[in-house]
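Everything below concerns the one structure shown next.
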Amino acid sequence: MKKQIISLLFSAFSLIVCAEVNYQVVPLPQQISIDKSGQYMTLSKGMTVGYPSGNQQMKRNAEFAAEYLGLIVKEPNNKTADVNLLLDLKSDNPDAYSISINKKGITIQGASESGVFYGIQTLRKSIMNETGEVRLPYALVSGSPRFGYRGTELDCARHFFPVSFIKKFIDILALHGINRFHWHLTDDQGWRFEVKALPELAKKASVRPCTVVGKNVGLSDPNNAIYDDTPETGYYTQEEMREVVAYAAERYITIIPEIDLPGHMIAALSVYPHLGCTGGPYKVWGIWGVADDVLCAGNPKTLEFLKTVYGELCDVFPSKLIHIGGDESPRVRWKSCPKCQAKMKELGLKNEAELQTYINKEMEAFLALRGRQLIGWDETLEGGLSENAAVMSWRGYEGGKAAAKLHHHVVMTPTNNCYFDYYQLKNRDVQPLGIGGYLPLSKVYSMEPVPEDLTKEEAQYILGAQCNLWTEYMLSPDHVEYMLLPRLAAMSEVQWLQPEAKNYEQFLARLASLEQSYRRLGYKFCTAYE
Ligand code: ACM
Ligand code: ZN
């Protein structure tokens with residue numbers, strides 16, 4: 001009897017410290033079939049991970065698996081390790097993965113190397129919060145993302161974030177199955193991209209001597225603002241950016257760089273005032289908002305400048321898509337600029353919106369020579385899209401819908417579902433100062449990137465969805481993380497799951513476990529949600 005009690009106590013204890021994992025992670029796998037036999041595999045130190053020979057990406061995947069699961073990397077081998085990484089999954093989706101756990105061990109198969117990486121991440125999240133012995137029930141677990149473009153944007157112009165944080169940010173994206181990092185590198189308030197042929201940009205246009213204190217809603221005259229006395233400075237050298245590109249690539253994340261044109265250019269104008277319609281002088285902006293001063297579209301030097309900048313941008317970033325911005329570019333200066341008006345006359349353009357399209361077409365041709373494709377915010381539709389432009393729809397879904405109907409590729413990032421600079425709780429007093437708006441977790445989760453009134457053919461042009469972090473009011477990495485998490489988890493399921501597989505209540509249960517992982521990894525996050 002005594003023995004039985006001890007044994008019962010021991011079983012209860014082992015239930016607590018040896019809980020079996022359930023593979024219910026974020027994003028939820030498409031299939032989780034637990035073997036009815038009740039058998040399981042115990043993960044233990046000293047187990048090995050193997051990968052196919054001659055494949056450097058798979059070797060790196062094996063290193064990730066070793067790091068996350070506590071394994072030892074074996075020399076390339078033929079499926080003789082405890083955990084075997086393989087590339088033989090049959091699927092049209094390169095990011096698809098399957099994990100089988102059975103008496104032979106663990107096999108993670110991918111339709112490509114990225115699929116294997118996502119399988120590793122799923123297993124990593126499954127076990128990360130386990131203490132004591134980790135028991136993996138025999139199972140088949142598989143996943144495949146709904147969209148090929150799963151993006152997150154970070155604005156490093158309004159505030160500069162060091163390379164060490166950019167790498168951490170990329171790690172966070174990888175944990176959530178994100179595969180595009182849209183890097184906003186320049187704006188009115190700071191230029192962060194080193195251009196070797198134009199050194200003034202990094203040296204001077206990256207320096208904002210002071211910043212408006214608090215909000216400057218409706219303030220269009222910088223002279224009326226109250227400023228702090230804290231300079232905001234910093235830029236990324238090309239060497240650093242190349243290093244970040246490689247770091248992201250190992251995690252199957254493509255970096256899409258953005259140099260915003262022809263608006264959001266005051267930082268550049270501050271060092272090259274002849275590129276503005278009025279000739280300046282201009283100062284790196286210390287207030288927020290939309291500036292009337294933009295690049296002069298009638299000055300041939302403007303295109304010369306842009307091609308120099310974008311030439312170096314293409315040298316650093318191998319991404320097929322290159323973001324030219326195009327948003328919030330008032331045309332008021334162009335209306336009264338003799339050079340811009342003469343250009344319109346020369347080209348027979350009806351209005352200033354078409355003048356913006358003229359620049360876009362020039363940039364599209366320039367990028368095409370380098371094998372790249374232009375993507376721009378939805379304002380680029382206004383004067384007519386250039387032939388192969390992709391569109392990032394931010395002012396709602398309408399721009400994206402119009403572009404898809406014209407058979408242009410679209411990334412959906414409407415403010416109402418995707419602007420993570422908005423407050424996440426109704427009570428603003430319990431959150432750091434933000435830009436405004438209200439985007440709770442539940443609203444992110446409810447996003448449907450494909451408008452229902454598109455035909456099946458048009459819907460094919462929706463590449464995916466993206467959340468955006470504009471950083472006017474995010475001064476520190478901690479604040480960026482707080483705004484990103486846990487809303488990125490909701491976005492991740494928007495990007496990965498078919499609509500019928502989404503379930504907000506069940507997502508919240510999975511999120512509880514993911515939050516434990518955030519703590520473990522030292523990520524800041526908003527612990528309340530609505
Ligand atoms: C944007 O938020 N101006 C794209
Ligand atoms: Zn002009």
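Below, each value reflects all heavy atoms present in this structure, side chains not excepted, and no hydrogens, waters or symmetry copies. Each ligand, and each atom within it, is numbered from 1 in the order the structure gives. Numbering of residues begins at 1 and proceeds along the displayed sequence.
- At least one N or O atom of Glu328, backbone or side chain, sits closer than 3.5 Å to an N or O atom of ligand 1.
- Protein atoms that are N, O or S and lie under 2.8 Å from the Zn ion (ligand 2) are these: Cys277 SG, Cys296 SG, Cys337 SG, Cys340 SG.
- The contact set between ligand 1 and Trp470, taken as ligand atoms under 4.0 Å from a residue heavy atom, comprises 1 (C), 2 (O), 4 (C).
- Atom 3 (N) of ligand 1 has Asp327 OD2, 2.6 Å as its closest protein atom, hydrogens excluded (heavy atom only).
- Of the candidates Gln495, His182, Arg180, Glu153, Gln466 forms a side chain to side chain donor-acceptor pair (under 3.5 Å) with just one, namely His182.
- Annotation: cation-pi pair Lys405/Tyr461 absent, no NZ/CZ under 6.0 Å from the ring centroid and within 45° of its normal.
- Panel note: side chain Ser319, backbone Ile256; no donor-acceptor pair is recorded below 3.5 Å.
- Under the 30°/60° scheme for interplanar angles, the aromatic rings of Trp394 and Trp377 are found to stand perpendicular.
- The residues Glu382 and Arg395 are annotated as salt-bridged, a charged nitrogen and a carboxylate oxygen being separated by less than 4.0 angstrom.
- Electrostatic pairing of Lys196 and Glu312 does not count as a salt bridge here, judged by no charged N lying under 4.0 Å from a carboxylate O.
- In terms of protein heavy-atom proximity, atom 2 (O) of ligand 1 is nearest to Tyr419 OH, 2.6 Å.
- Annotation for Cys526 and Pro486: closest pair O-CD, 3.3 Å, computed over non-hydrogen atoms.
- A salt bridge does not link Arg242 to Glu239: none of the charged side-chain nitrogens sits closer than 4.0 Å to a carboxylate oxygen.
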